[in-house]
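Below you'll find the structure, written out as structure tokens, and then a few comments.
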Amino acid sequence: MTATATGRAPWRADVLTLFPEMFPGPLGCSLAGQALERGTWSCAAHDLRAHGLGRHRAVDDTPFGGGAGMVMRPDVVAAALDAVVEDGRPVVYPTPRGRVFRQDDARRLAAGAGVVLVCGRFEGVDERVLERRGIEQFSMGDAVLSGGEIPALLLLDACVRLLPGVMGSEASDAEESFGADGLLEYPHYTRPALWDGMEVPAILLSGHHAAIAAWRREQAITVTKSRRPDLWAAFEAARREDVQGEAARGRMTGPIH
């Protein structure tokens with residue numbers, strides 16, 4: 001495998017889908033698209049129907065136990081996986097039943113060799129192939145979509161932008177939403193300073209960098225508390241652990257009487 005300009009092998013994404021024409025989709029544009037052309041990463045979409053059964057290349061069947069809809073067959077999905085998985089990359093199945101996909105997950109996946117994505121349709125994928133193949137299951141939000149292709153694109157975008165050399169500005173990940181401290185990002189402003197009767201906060205025009213940093217921190221805390229109480233609760237818990245850890249270390253290294 002040819003190394004990229006950064007010295008690492010291209011990050012590989014293989015997508016198993018009934019609609020391969022959806023990839024790379026929007027990821028073929030902008031910075032991700034430029035990185036795709038440079039060979040920083042690759043995206044190969046594989047038609048699940050190539051492994052379908054019978055004259056009609058069936059990939060699904062009726063659910064045991066009854067119920068509406070159809071279920072994607074485990075033998076079909078397994079055959080599709082066998083055709084692409086050979087290098088230990090994690091296999092991911094986007095589904096509302098998975099745990100919430102977070103920035104730490106994007107960092108972990110981006111740091112590896114790539115990912116294999118299984119895009120479900122109908123009522124989903126037979127549970128046995130998910131268990132047997134140790135497939136990671138992620139939810140991209142509490143909403144039901146028509147299939148796994150759009151969540152797969154979301155996951156890929158979150159990972160690709162973290163690859164070395166992809167982003168035009170190498171801004172610290174800690175300054176973005178869900179950064180190192182887990183807070184949402186502070187609000188942003190640009191010219192004109194007065195727009196539609198609304199002024200930019202005066203502190204941002206002061207040139208006082210310490211005061212600006214403090215204001216941005218306060219804004220990040222305020223917006224996280226009001227919009228994402230779950231993130232705020234996690235932030236508070238982590239802060240308590242840090243305080244307790246510092247106190248414990250202080251007791252261990254304090255003066256001996």
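By the 6.0 Å contact criterion, CD1 on Ile150 is open, its count of non-hydrogen atoms from other residues, nucleotides or ligands being 12 or less. Counting heavy-atom neighbours within 6.0 Å of Arg132 CZ, excluding the residue itself, gives a total of 12 or less. At most 12 non-hydrogen atoms from other residues, nucleotides or ligands lie less than 6.0 angstrom from CG of Asp142.
A heavy-atom distance below 4.5 Å is not found between the side chains of Val116 and Ile135. Taking the side chain as every heavy atom from C-beta outward, Asp14 and His46 approach each other to under 4.5 Å. Put simply, the side chain of Glu149 does not reach to within 4.5 Å of the side chain of Pro94, judged on heavy atoms. The shortest side-chain heavy-atom distance between Val166 and Val160 falls under the 4.5 Å cut-off. Under the 4.5 Å side-chain criterion, counting only non-hydrogen atoms from C-beta, Tyr186 is not in contact with Thr222. Side-chain contact check for Phe122 versus Leu18: some heavy-atom pair is nearer than 4.5 Å. In this structure, Phe101 and Val92 have side chains that are not in contact, with every pair of non-hydrogen atoms separated by 4.5 Å or more.
Under a hydrophobic clustering in which Ile, Leu, Val, Met, Phe, Trp and Tyr are joined whenever their side-chain heavy atoms come within less than 4.5 Å, directly or via other members, Leu205 and Ile203 fall into the same cluster. No continuous path of ILVMFWY side-chain contacts below 4.5 Å connects Val77 to Val71, so the two sit in separate hydrophobic clusters. Under a hydrophobic-cluster definition in which Ile, Leu, Val, Met, Phe, Trp and Tyr are linked whenever side-chain heavy atoms come within less than 4.5 Å, directly or via other members, Trp215 and Val223 are assigned to different clusters.
The backbone N or O of Gly165 lies less than 3.5 Å from a partner atom in the side chain of Arg38, making a donor-acceptor pair. Checked by atom type and distance alone, the side chain of Asp196 never pairs as donor or acceptor with a backbone atom of Met198 at under 3.5 Å. Checking side-chain atoms of Arg89 against main-chain N and O of Arg12 turns up a donor-acceptor pair under 3.5 Å. Not a single donor-acceptor pair under 3.5 Å links the side chain of Thr224 to the backbone N or O of Trp232. Looking at Trp11, its side chain does come within 3.5 Å of a backbone N or O of Leu109 through a donor-acceptor pair. Between the side chain of Ser30 and the main chain of Ala32, no donor-acceptor pair closer than 3.5 Å is present.
One finds the CZ atom of Arg102 at 9.0 Å from the CG atom of Asp104 (value rounded to the nearest 0.5 Å). Considering CD of Glu136 and CG of Leu130, their distance stands at 12.0 Å, rounded to 0.5 Å. The line from NE2 of His51 to CG of Asp47 is 8.5 Å long, rounded to the nearest 0.5 Å. Rounding to the nearest 0.5 Å places CD of Glu21 at 7.5 Å from OG1 of Thr17. A distance of 9.0 Å separates CG in Asp126 from CD in Glu131, rounded to the nearest 0.5 Å. To the nearest 0.5 Å, atoms CE (Met140) and CG (Leu145) are separated by 10.5 Å.
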- Criterion side-chain contact (heavy atoms from CB on, under 4.5 Å) on Leu53 and Asp75, from CA distance to verdict: CA-CA 10 Å; Leu53 306 176; Asp75 47 357; 3.8 Å; yes
- Message: I'd like to know whether Asp82 forms a salt bridge (charged side-chain N to carboxylate O under 4.0 Å, His left out) with Arg133, so could you lay out the CA-CA distance, the side-chain angles of the two residues, the decisive distance to 0.1 Å, and finally the verdict.
- Response: CA-CA 10 Å; Asp82 289 340; Arg133 297 304 177 95; 3.0 Å; yes
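Closest heavy-atom contact between Ala110 and Cys159: CB-O, 3.5 Å. Taking every heavy atom of both residues into account, Pro63 and Gly69 meet most closely at CD-O, 3.2 Å. A pairwise comparison of heavy atoms in Ala45 and Pro20 identifies CB-O, 3.6 Å as the closest pair. Nearest heavy atom pair, residue Leu204 against residue Ile212, reads CD2-CG2, 3.9 Å. Of all non-hydrogen atoms in Cys119 and Leu48, the two that sit nearest each other are O-CD1, 4.1 Å. Among all heavy-atom pairs drawn from Val200 and Pro192, the shortest one is CG2-O, 4.3 Å.
Between Glu236 and Arg239 there is a salt bridge, with a side-chain nitrogen of the basic residue lying less than 4.0 Å from a carboxylate oxygen of the acidic one.
Side-chain contact check for Thr95 and Gln137: no donor-acceptor pair (N or O, by modelled atom type) lies under 3.5 Å.
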